[in-house]
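Below is one structure, written out as structure tokens; comments come after it.
Quick note: numbers below take in every heavy atom, side chains included, and nothing from hydrogens, waters or symmetry partners.
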Amino acid sequence: QMKQGAWHGLAALLALNFGCGTVEITGIATRDWRDEVLYFAMIDRFANGDVGNDDHGMGEWNPESESHFHGGDLAGVVEQLDYVEGLGVTGIWLTPPVLNQWWNPERTYTGYHGYWASDFEQVDPHFGTMMDWQAVANALHARNLLLIQDVVVNHTGDWVNRDSGQTLMRDRPVAPWLHPETGNYH
């Protein structure tokens, strides 16, 4: 059921991207995208609804540093829906909630932004759980608000380090969607 919904969402985004105003999806009420107003929210920087998932002890959390996780999470998104709805928007575009690379020692930066995926099948614990993500979707839909879920599948975390002309893989994730020897997508 989740995969079917993902395909419907992809169809809607493609239609929006290619200028189609209305998307026809069997069994789902459609809306004209030209009438939609979206609020973009970077999960980690938006609102902290659960301080218990902020710091995982890896040096990745520091709300005083722009390069570190600050504590925003999916519970915070739900808590702020009255605010968002009050702005008159019709939907939210969220940064990827997937498990991210927490720390890049060469760049002294973290994947707080959601675009350094290490596992596309897990929600990053800094943001909550899959149940928290489903709670966001359910809460938005109960208000007749759209959810645009950003995800970037053409790159992952910064796992490559070039030292003296050689490519070294560091702390590379082990996942079924990565080739076991090269770290590339299958």
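By the criterion of side-chain heavy atoms lying less than 4.5 angstrom apart, applied directly or through intervening Ile, Leu, Val, Met, Phe, Trp or Tyr residues, Tyr112 is not grouped with Val51; the two fall into different hydrophobic clusters. When the side chains of ILVMFWY residues are joined at heavy-atom separations under 4.5 Å, either directly or via intervening members, Met131 and Ile43 end up in two distinct hydrophobic clusters. In terms of hydrophobic clustering, with Ile, Leu, Val, Met, Phe, Trp and Tyr side chains grouped at heavy-atom distances under 4.5 Å, Val78 and Tyr83 are assigned to a common cluster.
Residues Glu36 and Thr90 have side chains that bring a donor and an acceptor to within less than 3.5 angstrom of each other. Inspection of the His126 and Glu60 side chains reveals an N or O donor paired with an N or O acceptor under 3.5 Å. In this model, a donor atom of one side chain and an acceptor atom of the other lie less than 3.5 Å apart for Trp133 and Gln149.
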Practice task
Determine, stepwise, if the pair Ile92 / Ile148 fulfils side chain to side chain contact (heavy atoms under 4.5 Å, CB included).
Solution key: CA-CA 6 Å; Ile92 295 181; Ile148 305 297; over 6 Å; no
Exercise for the section: Just do the ring-ring contact (aromatic ring centres under 6.0 Å, His included) check on Phe69 and Trp61 with the steps written out, would you? Expected result: CA-CA 5 Å; Phe69 283 91; Trp61 178 75; over 10 Å; no
Handout entry: Audit row: Leu94, Val136, side chain to side chain contact (heavy atoms under 4.5 Å, CB included) steps and yes/no
Key = CA-CA 10 Å; Leu94 287 179; Val136 170; 4.0 Å; yes
Problem - Evaluation steps, side chain to side chain contact (heavy atoms under 4.5 Å, CB included), between Phe40 and Thr95 - result: CA-CA 8 Å; Phe40 179 79; Thr95 52; 3.5 Å; yes
Problem - Phe46 vs Tyr39, ring-ring contact (aromatic ring centres under 6.0 Å, His included): CA-CA, chis, key distance, verdict - result: CA-CA 11 Å; Phe46 185 59; Tyr39 184 95; 5.7 Å; yes
Exercise for the section: For the pair Leu81 and Leu140, evaluate side chain to side chain contact (heavy atoms under 4.5 Å, CB included) and give the outcome as yes or no after the intermediate values. Expected result: CA-CA 8 Å; Leu81 288 183; Leu140 286 166; 3.6 Å; yes
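Residues forming a salt bridge (Lys or Arg N to Asp or Glu O under 4.0 Å) with Asp82 (at least two apart in sequence, or on another chain): Arg143. For Glu79, the salt bridge (Lys or Arg N to Asp or Glu O under 4.0 Å) test picks out no residue, with sequence neighbours left out. Applying the side chain to side chain donor-acceptor pair (under 3.5 Å) criterion to Asp44, with sequence neighbours excluded, gives no partner residue.
A donor-acceptor contact shorter than 3.5 Å is absent between the side chain of Asp50 and the backbone of Ala75. Checking side-chain atoms of Asp124 against main-chain N and O of Pro97 turns up no donor-acceptor pair under 3.5 Å. No donor-acceptor pair under 3.5 Å is formed between the side chain of Asn138 and the backbone N or O of Ala135. Between the side chain of His56 and the backbone N or O of Met58, no donor-acceptor pair lies under 3.5 Å. Looking only at distances, no side-chain donor or acceptor of Gln122 sits under 3.5 Å from a matching main-chain atom of Val98. In this structure, His70 contributes its side chain and Glu64 its backbone to no donor-acceptor pair below 3.5 Å. Thr110 contributes a side-chain N or O that, together with a main-chain N or O of Ser67, makes up a donor-acceptor pair within less than 3.5 Å. Within the 3.5 Å criterion, the main-chain N or O of Leu74 finds no donor-acceptor partner in the side chain of Asp132.
The heavy-atom pair separating Asn100 from Ala117 by the smallest distance is OD1-N, 3.4 Å. Closest of all the heavy-atom pairs between Asn53 and Phe127 is ND2-C, 3.9 Å. Summarising the geometry of Pro96 relative to Gly114, their closest heavy-atom pair is CB-O, 3.2 Å, with the distance given to 0.1 Å. Heavy atoms only, all atoms of each residue included: Val89 and Val37 are closest at CB-O, 3.3 Å.
Between Pro125 and Trp102, some side-chain heavy-atom pair lies under the 4.5 Å cut-off.
Ring geometry for Trp116 versus His113: interplanar angle over 60°, hence perpendicular rather than tilted (30 to 60°).
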